[in-house]
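In what follows, a single structure is set out as structure tokens and then discussed.
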Amino acid sequence: MIIVMQRQAPKDQIERVLEEIKRYEGLKPIPLIGTERTVIAVIGDERVLDERHIASLPGVSNVMPVLRPYKLASRETKYESTVVKCGNGVKIGGKTVVVMAGPCSVESDAQIEEAAKAVKKAGSTILRGGAFKPRTTPYSFQGLGRKGIQMLEIAAKKHGLVSISEVMDVRDVEFVARHIDILQIGARNMQNFDLLKEVGKTKKPVMLKRGLSATIKEFLLAAEYILAQGNQDVILCERGIRTFEDETRNTLCIATVPIVKELSHLPIIVDPSHGTGKINLIAPMSRAAIAAGADGIMVEVHTNPDTALCDADQALNEDKFKNLMGEIKPIVKAVGRTM
Ligand code: PEP
Ligand code: MN
């Protein structure tokens, strides 16, 4: 960290900053005294320091951190891209672009079985299905809970698919981790720090979705919570953010993909279903995501969208999903990857 003092800052203010830095074991402040102003270079891992606190000290003009605040998620710490093994030979973050597909929510044994069959047939390797649903209103369908988790597990296993499902409550983490291959943390829980720590203690891959109004820095710091518990298998998911635009359900930020690739070694996938909320935008946004370097996409598929209990407007039917798979293939090839 570089701390620039104000012009002519008195000696006692400089001393005060030096004392503050020395309070932290492992940090050493080196004052560079100039004729006009003093600059203090901090040697050591500066991330223990609160940048805003240092900036608020009397006489401080500017604070410039050198290291990213997310230590474990950063490419500065680990240069090679992380490849997350999800079981069944499915890897996220390698040469392959994965497609996670399935209904917004698990509704019945028959519904999830049909969905599994359809997504498998079209070439997907990962089956999604929500059992714990974060609904805006408490009066809409809340998901089948643990029963839904078991239905998803059965359907995925039957078709040799990897399963992914959201967990919302720390009390369900152990159960979901026992039955499902990838734990999903939804956008609304991106900063539920106790939940992040709990999934960080499991040995299952975790897919973390970007919060509705989270910056990329906050997104990576949320991932840091999981990594800091010892779970290195974190997959990020861009799913759009809230903006003033109302043509789409959310504003899908494709730029997140190359930005995250530069800042972090973690794989990142894109969810154009929640990102746009519109069926006709799913294919173009999927192509854009893959072209931008995404490691995969997550799309909502229902074999009978008219009857879907959740997110019916954005669910692709079997034919549309098949077309989508055909449309992304040339893009996957063009960026030198495989499906
Ligand atoms: C989901 O994927 O089921 C979901 C609820 O998405 P998000 O958390 O991104 O809203
Ligand atoms: Mn949904």
Side-chain angles (χ1 to χ4, degrees), residues 86 88 98-169 171-173 175-189 204 207 209 237 239-240 249-250 269 271-279 282 297-325:
C86 304
N88 261 3
V98 296
V99 177
M100 304 179 175
C104 181
S105 46
V106 178
E107 297 166 3
S108 66
D109 283 314
Q111 174 252 15
I112 193 67
E113 158 61 21
E114 273 183 34
K117 207 165 131 191
V119 302
K120 170 83 183 189
K121 198 169 153 209
S124 166
T125 52
I126 304 174
L127 179 66
R128 66 150 284 148
F132 298 101
K133 294 306 302 175
R135 303 307 300 276
T136 301
T137 147
Y139 305 116
S140 45
F141 178 59
Q142 303 287 305
L144 298 179
R146 294 189 177 199
K147 249 176 75 189
I149 291 291
Q150 284 166 321
M151 290 175 180
L152 177 68
E153 180 188 20
I154 292 168
K157 286 209 168 121
K158 181 171 168 198
H159 293 277
L161 294 161
V162 165
S163 55
I164 177 166
S165 200
E166 177 165 354
V167 57
M168 296 205 299
D169 191 314
R171 292 167 295 188
D172 292 314
V173 168
F175 181 84
V176 179
R178 207 154 10 100
H179 295 276
I180 298 297
D181 300 311
I182 307 172
L183 307 178
Q184 176 173 322
I185 299 294
R188 289 154 194 82
N189 274 314
K204 286 287 168 87
M207 186 176 85
K209 297 188 91 174
C237 177
R239 48 79 71 203
R249 181 175 174 179
N250 289 292
I269 73 145
D271 171 355
S273 299
H274 294 91
T276 67
K278 289 194 170 166
I279 284 176
I282 294 173
I297 53 169
M298 170 182 260
V299 287
E300 289 191 339
V301 175
H302 197 291
T303 53
N304 191 357
D306 293 342
T307 66
L309 294 176
C310 182
D311 287 350
D313 295 346
Q314 66 191 38
L316 299 181
N317 64 21
E318 198 173 344
D319 276 348
K320 289 199 170 97
F321 180 58
K322 218 173 94 196
N323 290 343
L324 170 72
M325 293 297 271

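Predicted, not measured: the structure shown is a model, and the values here were computed from it.
- Annotation: Lys204, atom NZ; neighbour count of heavy atoms from other residues, nucleotides and ligands within 6.0 Å is above 12.
- The two residues Glu107 and Leu144 have their closest heavy-atom pair at O-CD1, 3.4 Å.
- A donor-acceptor distance shorter than 3.5 angstrom exists from the side chain of Asn88 to the backbone of Gly160, with no hydrogens or angles considered.
- Across every non-hydrogen atom of Met151 and Ile112, the tightest pair is O-CG2, 3.8 Å.
- With a 4.5 Å cut-off on side-chain heavy atoms, Phe132 and Asp169 do not count as touching.
- Annotation: the span from Asp109 atom CG to Ile154 atom CD1 amounts to 6.5 Å, rounded to 0.5 Å.
- Annotation: the span from Lys120 atom NZ to His159 atom NE2 amounts to 9.0 Å, rounded to 0.5 Å.
- Checked by atom type, the side-chain pair Ser273/Glu300 shows no donor-acceptor distance below 3.5 Å.
- Panel note: side chain Gln314, backbone Ala312; no donor-acceptor pair is recorded below 3.5 Å.
- The shortest non-hydrogen separation linking Thr303 to Ala118 is CG2-CB, 4.0 Å.
- Side chain of Arg128 to main chain of Pro103: a donor-acceptor pair is present (N/O by atom type, distance under 3.5 Å, no hydrogens or angles).
- Across Asp271, Ile269, Leu324, a single residue satisfies side chain to side chain contact (heavy atoms under 4.5 Å, CB included) together with Ile297, and that is Leu324.
- Between the CD atom of Glu153 and the CG atom of Leu161 there is a distance of 13.0 Å, given to the nearest 0.5 Å.
- Expressed to the nearest 0.5 Å, how far CD of Gln142 lies from OG of Ser105 amounts to 10.5 Å.
- Side-chain N/O atoms of Asp311 and His302 include no donor and acceptor closer than 3.5 Å.
- A 4.5 Å side-chain heavy-atom check between Gln111 and Thr307 finds every atom pair outside the cut-off.
- Shortest non-hydrogen contact noted between Lys209 and Gln184 is CD-NE2, 3.4 Å.
- Once rounded to the nearest 0.5 Å, the distance linking OG of Ser124 with NZ of Lys322 reads 15.0 Å.
- Residues Val167 and Ile185 are in side-chain contact: their nearest non-hydrogen atoms beyond the backbone lie under 4.5 Å apart.
- Met298 CE to Met207 CE: the interatomic distance, rounded to the nearest 0.5 Å, is 3.5 Å.
- Between Ser165 and Leu152, the shortest heavy-atom contact is CB-CD2, 3.7 Å.
- Salt-bridge annotation for Glu166 and Lys133: absent, with no side-chain N of the basic residue lying under 4.0 Å from a carboxylate O of the acidic one.
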Derivation of the side-chain contact (heavy atoms from CB on, under 4.5 Å) call for Val99 and Thr125: CA-CA 7 Å; Val99 177; Thr125 52; over 6 Å; no
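- Annotation for Ser163 and Asp181: closest pair N-OD2, 2.8 Å, computed over non-hydrogen atoms.
- Side-chain atoms of Ile279 and Leu316, non-hydrogen and from C-beta on, do get closer than 4.5 Å to each other.
- Asp172 places a side-chain heavy atom less than 4.5 Å from the side chain of Arg146.
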